[in-house]
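Working notes, beginning with the structure itself.
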Amino acid sequence: MLCNACLEILRIVRRPGVYESIPHQPSVDALCASALGGCQICWQLRNILKHSATSANYISALNLGDHVTVCSSDTSSARTKHAFDLSFNVRRSESVIFNLEVYTVSDYVPETSTNSASSWALIERWTANCILEHPKCKQSGQATWVPTRLLDLGLPDSNTNPRLIISTSALEGIPYATLSHCWGKSAILRLLASNLKDLCDEIPLQTLPKTFRDAIAVTKRAGIRYLWIDSLAIIQNSAADWKREAALMGKVYKYSRVNIAATGAVDSTEGCFFTRDPRLIPPSQVTIKWDDWDGIIEETYTVLPGQKIWQTQLNDVPLSRRAWFLQERLLSPRVVHFTKTQIFWECHTMSACESFPIALPKTLRHNRVNQLKSLALGATASAILPETLSKVVNGEFIGKFKMVKPLYAHWNSLVELYSLGGLTVLRDKLPALSGVADEMRHLLLEEDYAAGLWRKSLPRSLLWIPKIHPGENKCYRPREYRAPSWSWASIEGPVSFAWCSKTVFPSQSYGLVAVLRVYVDITKGRETGEVSGGYVRMNVPVVDATWDLQAETGVSGLTTVTIRDRVGRNRQFLLPESSGEDALLFDEDIVQRPPPRELALAALFYTTDHQQVEGKVATANNSCPYGLVLESTESGKYRRIGVFLSSQDRLQRAFRKLTPRWVTII
């Protein structure tokens with residue numbers, strides 16, 4: 001349903017045209033009252049406001065002056081496209097977009113709780129449809145594999161307490177479910193070396209937290225007898241057992257029947273089931289009487305939340321900020337998310353929810369998680385890329401380049417998402433993604449993996465950057481070693497591969513790396529797991545430089561780089577910390593961890609803006625150098641500390657005709 005304020009906006013825009021700043025709600029109180037009254041648009045706007053508000057003073061400030069929300073819309077072509085947008089601006093926040101489309105709504109009727117007959121019937125329908133109709137979602141070759149330990153829940157209609165069992169060959173091929181959850185700070189029952197025997201005898205239900213009890217109910221309701229929960233399947237005080245089981249984590253999720261995700265719970269005490277306002281679940285529909293030169297024509301539209309709003313339903317929650325969960329989500333053939341508002345379904349073929357039980361509308365499918373899930377990591381090879389992959393396997397390399405190149409982009413996108421998550425144990429950075437890396441490696445035809453990067457994607461993928469806001473860098477390198485400095489895995493914090501895409505197209509980039517050798521010491525684990533050392537060795541143009549914070553300018557983020565040219569003269573350049581054409585970006589906050597004064601700039605690519613230099617091929621004479629900022633070590637090797645680019649002619653000339661030299665980056 002929609003409130004009177006939202007309906008008034010639709011009445012205004014029914015005459016095709018362009019509209020700006022239409023008044024919506026006059027105050028936060030009015031917005032909240034409308035949301036509580038069941039208006040779906042106001043409910044979403046209120047959630048955005050709650051997310052951005054940090055204090056009572058902030059809310060008070062929003063109530064001052066004119067309307068707290070205003071709306072803009074372009075309905076000039078709505079009639080012909082059968083769709084248009086409403087863009088709401090919540091004061092001091094970014095615009096929030098709602099799509100209105102001609103879309104058929106399901107007759108599904110939600111109830112007050114996610115633990116209801118209608119919810120269970122919907123989950124059963126999704127599951128049956130997936131198992132019977134989705135080839136990509138079927139188990140891969142070794143479907144007989146089972147985890148080391150499982151919870152035996154007994155028969156579906158029994159009331160017996162669960163118990164821990166050690167898997168044997170007799171259990172091979174049995175279906176089992178997995179649980180993804182936030183541990184939180186509350187004490188929960190854990191498997192220890194001292195209680196292993198007791199848990200194998202019996203686990204009284206009352207000793208388990210609510211999330212575990214709810215997961216057991218979901219599993220039994222699905223007709224599945226066995227359940228895998230990390231805290232009860234891995235001996236928590238045994239480093240050897242954790243190391244062995246962590247290496248199998250990808251298989252645990254890959255071969256499960258379904259993953260139960262307690263997505264709405266902040267810890268294990270909250271459970272999977274929640275009460276909600278059922279009026280907010282079905283999408284609102286409105287009939288608009290268009291008033292234009294054709295006369296009055298009616299059309300019914302469905303109000304769809306914008307993609308950003310939609311993604312917050314699953315991504316802006318505590319579970320999704322847990323780094324391990326991305327692997328669990330991508331490798332599981334099916335995931336049922338229990339959020340605070342509704343139940344979501346994800347498999348390799350389809351995404352759906354109680355609002356859109358048949359499938360998500362196209363406008364909501366095009367986000368990175370859906371695209372990555374559709375890769376069907378862990379599914380059978382023939383189900384993933386039937387044409388290109390089969391040709392490569394059969395020795396026909398037609399299509400191989402087309403297949404592999406997009407996979408690098410998918411991997412980069414996956415790493416960007418993964419880097420947003422947090423880890424309790426920082427050294428788990430690579431192990432927590434190793435299952436996904438194993439599956440991606442199969443798609444890349446067993447390509448060499450190097451501490452989070454792919455051998456054939458180098459040197460381009462070395463140009464990852466810390467994802468920061470202007471004047472703010474929260475990335476840092478942990479004290480305990482976990483990856484070489486050239487790997488994104490050496491950084492704790494969000495990273496971006498945006499610079500890597502600038503060097504993809506031959507007409508826009510000119511590579512400078514003549515030879516590249518990569519080595520990673522994997523003595524602490526398998527190839528995609530924990531590493532203890534590594535280096536890249538390359539032959540590139542390098543200039544030595546000195547660095548100073550340009551404090552006297554009074555402008556934050558400006559640095560002075562001084563280089564010595566070939567005839568021994570010092571040349572000084574002013575580089576901003578971040579801009580469109582020039583940048584000197586350090587991996588870590590320069591206030592907390594100042595970079596050394598003496599550094600080196602290694603140019604990996606010359607890159608040009610294809611739109612500005614249309615038709616030109618990038619060369620050393622017309623392009624901007626992109627590369628790594630390095631510091632030297634006592635051993636004569638280098639360590640990455642940042643990246644740079646420059647469009648300044650003098651700096652470009654400084655790199656031209658330089659004799660490349662061998663550098664080793666550790």
Side-chain angles (χ1 to χ4, degrees), residues 450-453 458-466 468 473 475-477 481-491 495 497 499-500 503 511-520 533-549 559-566 570-573 575-578 582-590 592-607 624-646 648 651-652 654-656 658-666:
L453 302 173
L458 303 177
R460 181 169 293 114
S461 56
L462 295 176
L463 288 171
W464 56 266
I465 58 175
I468 60 176
N473 183 357
C475 294
Y476 68 94
R477 283 192 168 88
Y481 184 90
R482 68 184 188 189
S485 66
W486 42 265
S487 167
W488 58 266
S490 67
I491 286 288
V495 299
F497 286 83
W499 279 25
C500 304
T503 63
L512 299 173
V513 180
V515 180
L516 184 70
R517 183 184 177 190
V518 186
Y519 171 78
V520 176
Y535 65 82
V536 293
R537 183 163 172 78
M538 62 183 78
N539 200 26
V540 291
V542 180
V543 295
D544 295 318
T546 58
W547 172 88
D548 287 295
L549 184 64
T559 59
T560 299
V561 173
T562 304
I563 68 172
R564 186 175 294 274
D565 63 18
R566 288 184 299 164
N570 288 333
R571 295 190 175 275
Q572 197 172 76
F573 306 93
L575 289 179
E577 195 173 357
S578 178
D582 294 274
L584 185 66
L585 297 176
F586 289 105
D587 294 339
E588 301 180 87
D589 178 58
I590 61 175
Q592 298 295 325
R593 298 191 180 186
R597 191 166 186 273
E598 303 295 327
L599 44 79
L601 305 179
L604 304 187
F605 288 91
Y606 283 125
T607 308
C624 309
Y626 279 72
L628 304 180
V629 181
L630 309 172
E631 67 171 338
S632 60
T633 66
E634 294 179 357
S635 62
K637 298 180 175 64
Y638 289 91
R639 188 178 292 112
R640 171 188 156 139
I641 58 173
V643 291
F644 79 94
L645 70 89
S646 178
Q648 299 181 35
L651 192 55
Q652 292 177 31
F655 276 103
R656 291 172 191 161
L658 272 178
T659 302
R661 72 187 199 216
W662 285 99
V663 297
T664 300
I665 308 172
I666 58 175

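- Remark: the backbone N or O of Ile666 is paired with a side-chain donor or acceptor of Ser485 at under 3.5 angstrom.
- Closest heavy-atom contact between Leu604 and Pro459: CD1-O, 4.0 Å.
- Val536 is not listed as a side-chain neighbour of Thr664, based on a closest heavy-atom distance of 4.5 Å or more.
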Given the rule in the side-chain contact (heavy atoms from CB on, under 4.5 Å) test, do Leu463 and Leu628 qualify, once you have shown the distances and angles that lead to the verdict? CA-CA 7 Å; Leu463 288 171; Leu628 304 180; 4.2 Å; yes
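- Arg460 places no side-chain N or O within donor-acceptor distance of the main-chain N or O of Phe605, the cut-off being under 3.5 Å.
- The cationic group of Arg640 lies under 6.0 Å from the six-membered ring centre of Trp464 and within 45° of the ring axis, placing it in a cation-pi geometry.
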Go through it in stages, so that I can follow the logic: the residues are Leu599 and Phe644, the test is side-chain contact (heavy atoms from CB on, under 4.5 Å), and I'd like the CA-CA distance, side-chain angles, deciding distance and then a yes or no. CA-CA 12 Å; Leu599 44 79; Phe644 79 94; over 6 Å; no
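- Interatomic distance, Trp662 CH2 to Arg517 CZ, rounded to the nearest 0.5 Å: 9.5 Å.
- Judged by distance alone, the side chain of Ser490 and the main-chain N or O of Ser487 form a donor-acceptor pair under 3.5 Å.
- When atom types are taken as modelled, the side chain of Trp486 and the backbone of Ile665 share a donor-acceptor pair closer than 3.5 angstrom.
- Checked by atom type and distance alone, the side chain of Arg482 pairs as donor or acceptor with a backbone atom of Ala489 at under 3.5 Å.
- Heavy-atom minimum distance, Ala450 versus Val518: CB-CG1, 3.7 Å.
- Atom CG of Asp587 is separated from atom CD1 of Ile491 by 4.5 Å, given to the nearest 0.5 angstrom.
- Not a single donor-acceptor pair under 3.5 Å links the side chain of Glu631 to the backbone N or O of Pro595.
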